[in-house]
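Working notes, structure below.
The basis for the numbers below is simple: all heavy atoms, side chains too, and nothing from hydrogens, waters or symmetry mates.
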Amino acid sequence: MSTYLLVHGAWHSEQCWARVVPMLGAAGHRVSTPTLTGYGDRRHLLGPEVGLDTHVDDIVTLILEEDLSEVILVGHSYAGLVVSAVAHRVPDRIAHLVYLDAMVPRDGETAVDVLPVTQAMIDRALRSGSGWRVPPMPELPPPAGLFGVTEPGDVAWLRTMLSDQPVRCLQQPVRLDNPAADAIARTHIHCTAGGSGVERRPVPATQPNGAPAVVWELPTGHDCMITMPAELTQLLLKLG
């Protein structure tokens with residue numbers, strides 16, 4: 001039995017994993033899908049003080065309180081920043097890092113460094129009435145849709161779990177200063193459809209642990225856990 005810890009991205013909640021969790025569980029694995037501070041059933045905690053460090057603390061606290069080990073830690077989208085920092089905080093607890101169509105930072109970088117388009121989101125938030133709220137991305141015509149989701153029923157379901165992102169999450173730098181984390185194996189899963197137009201940073205040919213890079217692809221949009229849950233699960237099961 002492996003332990004999968006699935007971390008949702010910006011604006012989403014743990015609900016986005018609802019189609020994946022039963023399949024991982026049916027294969028005999030333990031699955032945890034925490035909601036980060038400020039989202040989903042924790043959206044009442046949303047405030048300008050919530051940032052990347054808050055979300056890193058969320059996951060580290062969960063791992064320590066539940067005494068999780070040999071964790072397959074999956075970060076979707078913005079949560080690539082989160083899981084990277086978590087791996088440097090508790091490297092002895094992590095067996096594998098999975099970047100699911102995710103931001104992959106270097107030490108000291110912010111979301112803007114990894115994905116420059118986020119600067120426009122920050123600017124709009126700072127000029128807004130709140131001065132810190134970043135609303136979810138708008139739905140676009142297919143194939144982009146809403147985070148790559150285009151089926152009307154799925155779009156309606158996805159809307160129920162979306163909430164604003166605190167701007168501080170995009171401004172705080174990630175701290176990756178523990179050499180022990182370099183030993184952790186990594187896998188990148190890229191979603192190749194959806195037409196977002198966002199340029200992805202190339203994956204280095206060699207992992208920090210010296211092994212060749214592992215990059216898998218799913219021919220679907222960004223929220224692949226909604227649009228291709230069975231195919232995503234099969235990829236994740238290769239790691240367990």
Review point. Got a sec, which hydrophobics cluster with M1, joining ILVMFWY side chains under 4.5 Å apart, including via others?
Key: none

Review point. What residue among V20, V7, L5, L236 forms side-chain contact (heavy atoms from CB on, under 4.5 Å) with V74?
Key: L236

Check your understanding: Between R42 and D58, is any pair of side-chain heavy atoms under 4.5 Å apart?
Key -> yes

**Study point:** Close side-chain approach of T187 and H96, heavy atoms under 4.5 Å
**Key:** yes

Practice item. Can you run down the salt bridge (Lys or Arg N to Asp or Glu O under 4.0 Å) pairs that involve residues 110-127, sequence neighbours left out, and say none if there aren't any? Key: none

Practice item. Could you tell me whether the side chains of H12 and D223 share a donor-acceptor contact shorter than 3.5 Å? Key: yes

Revision key, fill the gap. So salt bridge (Lys or Arg N to Asp or Glu O under 4.0 Å) across residues 165-184, not counting sequence neighbours, yields D53-R175

Practice item. If you link ILVMFWY side chains whenever their heavy atoms are less than 4.5 Å apart, which other residues fall into the same cluster as M23? By chain and number, please. Key: none

Check your understanding: Which residue pairs satisfy the salt bridge (Lys or Arg N to Asp or Glu O under 4.0 Å) criterion with at least one member in residues 23-41, sequence neighbours excluded?
Key -> R30-E66

Revision key, fill the gap. Looking only at heavy atoms, the pair that brings I94 and I63 closest together is CD1-CD1, 4.0 Å

Review point. Would you say Y78 and I189 are hydrophobically clustered, going by side-chain heavy atoms of ILVMFWY under 4.5 Å?
Key: no

Review point. Is a side-chain donor-acceptor pair under 3.5 Å present for Y99 with S84?
Key: yes

Review point. Within a strict 4.5 Å, meaning less than it, do heavy atoms of the Q207 and R186 side chains meet?
Key: yes

Point to revise | Non-hydrogen atoms of P105 and V174 that approach each other most closely | key: CB-CG1, 3.6 Å

Review point. What residues, two or more places apart in sequence or in another chain, satisfy side chain to side chain donor-acceptor pair (under 3.5 Å) together with S130?
Key: S128

Practice item. Identify whether the distance between the nearest side-chain nitrogen and carboxylate oxygen of R93 and E70 falls below 4.0 Å. Key: no

Exercise for review: Decide yes or no for T227 and F147: does some side-chain heavy atom of the first lie under 4.5 Å from some side-chain heavy atom of the second?
Suggested key: no

Check your understanding: So, do V167 and P48 sit near enough that their side-chain heavy atoms are less than 4.5 Å apart?
Key -> no

